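In what follows, residues are counted from 1 in the order of the sequence shown. Indexing begins at 1, ligand by ligand and atom by atom, following the structure's order. Just so we're clear, the structure is a prediction, and the values are computed from it rather than from any experiment.
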Amino acid sequence: MERKIVEIAPRTWLISDYLLANMFLLEGDEKALLIDAGSGLGPLEEQVKSLTDKPLILALTHGHADHLGGCHLFPGVKSLIHPEDMFFAEEFTEAYAQEFIDNYVKTRGPVRNPEATDEDWKQIIRPYGPAEYGTLEDGEVFELGGRAVEVIHTPGHSMGSVCFLDHKERLLVTGDTVNDCLLLNFPPHTSTVAQYHESIQKLWAREGEYDGLCQGHDTLTIADKSFITDYLTATEIILSGQASPQEIDDGIHKGLGIRCGKVRLYYDLNSIR
Ligand SMILES: [Zn+2]
């Protein structure tokens, strides 16, 4: 299987985890920042090394296993995560990792890569290894050398979800906070609709500082920032009490939610405010 890597801006790569999730590599003059590490599928470490020879900072948009499972592929590099998502890292034991990747490949694999065989997947799944974690916080800035990248805490999809604002290339890396589909239906690990609404208001208040979005799934290009306004509208409709949630099944996620513009928002009726 071939991993797709797209240079979406100068010294900025979207690294697709075999169409299951996206990682982003941002290079400055002194350091490079890898945002997310995928599910633990190789040969990610070699591929990152072939793109940059700068010392690596590894930071996570959130703690879900499809973004954190590959952290151990970078020994000696601390994986930085928001404290409120640290429990995901602690839960990611060898047994959990094994069960996760088997299940993930079985359920998502055929949807994203219908041509791939079990043997194809077996060849790229890397054995579990321990990763070392550190924390990052709202407002923290990674100075990569001529390129500053700022952390913005955006609770919603998880309580420790963050976005990264790349001031140089004017990109907002959103992880799973602003995809075409948003899951808020796992409280207490997901926020209320009201709290997510605040998070995207916080992002939209700064829309003059970025031109496009780098999303955590389902695209190989820079996405339009109007995804954020679609979620603003969707959350406003829910919070005003005028939403008519319906059962949605998109082939991967099943649950109660609404559609609005380009997005689907799944939520729990008991976790609105
Ligand atoms: Zn996620």
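Rounding to the nearest 0.5 Å gives a distance of 11.5 Å between CD1 of Ile101 and NZ of Lys106.
Looking at His157, its N, O or S atom nearest to the Zn ion (ligand 1) turns out to be NE2. The N, O or S atom of His64 with the smallest distance to the Zn ion (ligand 1) is ND1. If you look at Asp176 and ask which of its N, O or S atoms sits nearest the Zn ion (ligand 1), the answer is OD2.
Here the side chain of Ser161 pairs no donor or acceptor atom with the backbone of Met159 at under 3.5 angstrom. Side-chain atoms of Arg273 come within 3.5 Å of backbone atoms of Leu239 as a donor-acceptor pair (strictly under, hydrogens ignored).
Residue side and main chain included, His67 places no N/O/S atom under 2.8 Å of the Zn ion (ligand 1).
The distance between the ring centers of Phe87 and His189 falls below 6.0 angstrom.
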